[in-house]
Amino acid sequence: MARNKEKLVLLLDVGPSMHGVLPEVEKVCSMLVEKKLIFNKDDEVGVVVFGTEETNNELMDEVGGYENIVVLQDIKVVDGDLIDILKKLPRGTVDGDFLDAIVVGMDMLIKKYKGIYKGKKRLCLITNAIHPTKDSLEGSKEDQVGTLAVQMTAQGMKMESIVVRGILSQDANKRIMDENDRLLSIFSKKTRSRTVYVDSPISLLGALKTRRVTPVTVFRGHLELSQQMKIKVWVYKKTQEEKFPTLKKYSEKAPSTSKFATHQVMVDYEYKSVDDSSTVVPPEQRIKGYRYGPQVVPISDAERDAVKFKPEKGVKLLGFTDASNIIRHYYMKDVYLFIAEPGNTRAILAVSAIARAMKEMNKVAILRCVWRQGQQNVVVGVLTPNISQNNKIPDSFYFNVLPFIEDVREYQFPSFNSFPASWLPNEQQQMAADEFVQMLNLAPSGKEEALLPEFTPNPVLERFYHHLELKSKQPDAAVPPLDETLKRITEPDLELDFENKSVLDSLCKHFELKENSKLKKSARRLLPEKPSGSNGEDGNGNVSDARAVDSIGQEPVVKIEKIGDLTPVQDFEVMMTRRDNPEWVGKAIREMRDKILSLLTNSHGGDNYLVAVECIIALRKGCILEQEPGPYNNLMRYLYRYCQEKEISTFPKLLASMDVTLISKSEAVDSNFTDDEARRFLDKIKPEPKD
């Protein structure tokens with residue numbers, strides 16, 4: 001549709017003071033065109049640069065003035081050549097005038113369409129705005145900007161101004177900067193314009209909206225507060241995850257010269273009988289089924305339609321609650337924006353009154369929502385007031401979907417309070433950790449917050465778009481490395497680490513890292529000494545094999561899958577650290593329990609007791625770490641009864657001498673034993689001296 005096409009003119013400052021950020025300007029403008037080629041290939045773009053030594057624009061020829069402004073590209077449909085132009089912007093030699101550049105850009109749009117195009121027309125200005133603008137021949141600069149704003153509104157144009165400041169503007173004249181900021185603010189107040197200030201390359205990449213998404217309502221109707229009170233609202237999506245463009249099947253069978261060839265690939269499926277592969281089963285003889293235990297229960301389309309839940313379309317208030325009752329991690333999926341029906345004064349007043357009352361009382365609303373007729377599910381969510389700070393923008397609500405019980409995942413993690421005092425950080429360690437966290441604060445006082453979502457592009461998507469553009473010109477092009485600016489989004493800031501080296505040194509000093517000799521030993525063994533539970537059976541090995549698995553941070557080549565006889569403690573510890581399958585922990589605990597019982601029952605003269613006690617100590621530590629006290633405590637009580645029945649006294653003495661007792665509640669919250677009960681058990685297993 002013509003109204004959905006955008007006509008855009010880029011106004012780029014290439015003066016000497018902008019040379020330091022021009023590589024980033026080239027990137028963001030190239031990304032803009034790359035995305036238009038994917039999502040809006042019929043859009044038209046023109047490019048104007050100012051701050052150049054030469055001059056080339058129509059206004060210069062027609063009326064004079066407007067010097068140091070060059071039209072690099074007239075307005076035309078986006079193509080690959082435009083990307084090449086934007087990647088090689090000229091470096092200017094004079095300070096540019098952004099007001100003159102705005103006039104040239106407006107003139108290009110007016111002459112190109114002459115009132116015949118009613119769609120989207122936009123100017124995008126990128127400058128640092130630190131140099132003076134020319135004085136107006138008639139009236140003040142404010143009057144000149146006001147006249148431009150009126151003309152811009154009359155022509156249906158919008159303007160987006162990106163002002164790059166930061167380090168580059170530290171030596172600039174503050175009076176001139178304030179004056180330019182004031183002129184740009186007039187555009188924001190009198191037209192549909194937006195001014196954004198950025199101070200880093202990352203913010204610049206995200207400041208220009210490279211993807212134009214047309215807002216579409218997900219719901220238009222009444223917000224039902226009661227049977228008697230209803231407010232007309234429109235609902236939009238505020239956030240939605242951006243997906244990769246859909247890959248489509250392409251056929252080369254159609255003639256390349258045909259203008260009407262779609263190159264579309266049609267996919268069709270045939271269902272054939274198991275008994276006779278040549279017999280095609282028609283649709284009326286097919287039926288879907290659901291697995292229920294070992295059987296498949298057939299459900300016809302009519303039955304499926306009958307059991308479907310078919311709620312009525314609408315948004316209804318269920319009640320209010322304190323904002324503190326809604327936990328942040330309950331929010332699911334995307335965020336929705338509720339606004340009053342545009343132009344409906346009564347609805348706007350009603351929404352504003354309720355939103356301000358909720359804000360004052362610190363309340364939120366719980367809604368039941370069915371966005372469209374025929375929707376099979378009901379959404380229950382929380383409505384939060386959004387009080388506007390702009391007099392021109394009415395108040396609104398944010399809506400977040402809340403989970404049902406089936407959507408909640410309960411994971412039990414041990415509390416730090418359940419660990420022994422020796423495992424808790426001391427005062428110096430806590431201070432070092434606090435300083436480390438403060439060092440990485442993304443919003444330090446007096447500075448702009450880093451990695452703001454509205455200014456941070458997705459590096460994975462940006463890299464994909466860039467690679468797609470390369471492939472369009474070079475089919476054999478390799479995947480490019482991640483851009484340095486985008487890399488700063490995904491990797492730690494090395495400059496920040498260098499500036500705070502003392503903080504990092506303090507953290508390393510108070511949290512000394514040591515190699516786990518037991519795990520290292522199990523990882524570096526030669527094959528003749530390999531863990532007894534490994535799968536390998538050969539006895540051959542050499543020193544190079546050992547070196548290959550002896551590098552720190554490298555996963556052991558041989559994964560232990562069972563506890564063997566030679567090194568049961570080491571095998572158990574390695575199995576407990578495996579996280580490639582959640583069943584490994586339970587398997588390790590069961591096998592260690594069986595190994596302990598086997599050592600005890602097959603002992604001759606107590607020759608296995610010491611190894612059994614070492615295994616018990618390892619099992620106890622592992623059960624505390626995993627907060628699984630049950631298997632260990634049950635084993636200890638069984639061992640107590642077994643020793644009593646068999647009149648074994650040496651083994652209990654050995655356990656008592658090493659203070660091996662039950663796991664108490666202070667060590668694992670799920671334990672059934674208090675500290676006193678655990679100590680009493682230790683006293684109980686100590687054999688009483690015989691008379």
Side-chain angles (χ1 to χ4, degrees), residues 38-39 213-214 216-224 234-254 260-316 318 329-336 366-382 399-411 460-461 464 580-584 586-587:
I38 298 172
F39 300 106
V213 180
T214 303
V216 178
T217 56
V218 298
F219 175 81
R220 296 189 187 189
H222 288 100
L223 168 57
E224 298 184 27
W234 288 11
V235 182
Y236 294 90
K237 274 196 174 183
K238 181 66 176 175
T239 62
Q240 184 174 0
E241 182 184 358
E242 183 76 1
K243 305 283 189 177
F244 275 92
T246 305
L247 296 175
K248 298 181 179 179
K249 294 181 174 65
Y250 180 88
S251 172
E252 294 182 345
K253 298 295 184 181
F260 304 102
T262 62
H263 298 278
Q264 185 177 1
V265 177
M266 302 296 293
V267 180
D268 194 13
Y269 295 93
E270 280 189 346
Y271 294 84
K272 296 188 176 182
S273 172
V274 177
D275 299 328
D276 185 2
S277 59
S278 62
T279 303
V280 177
V281 181
E284 60 272 12
Q285 295 181 14
R286 301 198 298 261
I287 189 171
K288 294 182 179 180
Y290 291 92
R291 290 198 174 277
Y292 189 76
Q295 61 183 336
V296 176
V297 180
I299 303 290
S300 66
D301 291 340
E303 289 173 321
R304 280 201 305 142
D305 188 62
V307 299
K308 282 181 182 177
F309 184 52
K310 300 175 183 178
E312 293 183 2
K313 173 185 175 181
V315 176
K316 297 182 179 181
L318 300 181
H329 62 253
Y330 278 172
Y331 290 178
M332 297 178 62
K333 299 184 179 179
D334 308 314
V335 183
Y336 296 84
I366 306 299
L367 302 185
R368 169 263 200 205
C369 303
V370 178
W371 304 124
R372 61 187 181 276
Q373 196 66 38
Q375 180 177 321
Q376 296 181 23
N377 64 314
V378 173
V379 172
V380 174
V382 56
F399 178 79
N400 291 88
V401 178
L402 294 177
F404 293 104
I405 185 61
E406 293 84 0
D407 306 318
V408 176
R409 299 293 181 266
E410 291 289 350
Y411 299 110
V460 178
L461 288 174
F464 171 77
D580 51 329
N581 190 312
E583 296 180 359
W584 282 115
K587 186 174 188 292

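Residue numbers run from 1 in the order of the sequence given.
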Sidechain-backbone polar pair: [X] side chain, [Y] backbone, donor-acceptor under 3.5 Å:
{"X": "Ser251", "Y": "Val265", "answer": "no"}
{"X": "Glu303", "Y": "Ser300", "answer": "yes"}
{"X": "Arg368", "Y": "Leu318", "answer": "no"}

[X] vs [Y] side-chain heavy atoms within contact, under 4.5 Å:
{"X": "Leu461", "Y": "Phe244", "answer": "yes"}
{"X": "Arg220", "Y": "Trp234", "answer": "yes"}
{"X": "Met332", "Y": "Phe404", "answer": "no"}
{"X": "Tyr336", "Y": "Val401", "answer": "yes"}
{"X": "Val379", "Y": "Val370", "answer": "no"}

- Query: Can you name the one residue among Val296, Asp301, Val297 that meets side-chain contact (heavy atoms from CB on, under 4.5 Å) with Ile299?
  - Reply: Val297

Can you confirm whether more than 12 heavy atoms, excluding those of [X], are under 6.0 Å from its [atom1] atom?
{"X": "Glu583", "atom1": "CD", "answer": "no"}
{"X": "Lys313", "atom1": "NZ", "answer": "yes"}
{"X": "Lys238", "atom1": "NZ", "answer": "no"}

- Specify the closest pair of heavy atoms between Glu312 and Gln373, including all atoms of both residues, with the distance to one decimal.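 Minimum heavy-atom contact is CA-NE2, 4.3 Å.
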
- Query: How many angstroms lie between CZ in Phe309 and CD in Gln375, if you round to the nearest 0.5 Å?
  - Reply: 10.5 Å

- Any Lys/Arg nitrogen of Lys310 or Asp305 sitting under 4.0 Å from an Asp/Glu carboxylate oxygen of the other? yes

- Message: Parallel, tilted or perpendicular: which one describes the rings of Phe399 and Trp371, with boundaries at 30° and 60°?
- Response: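 Rings of Phe399 and Trp371: perpendicular, as their planes differ by over 60°.
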
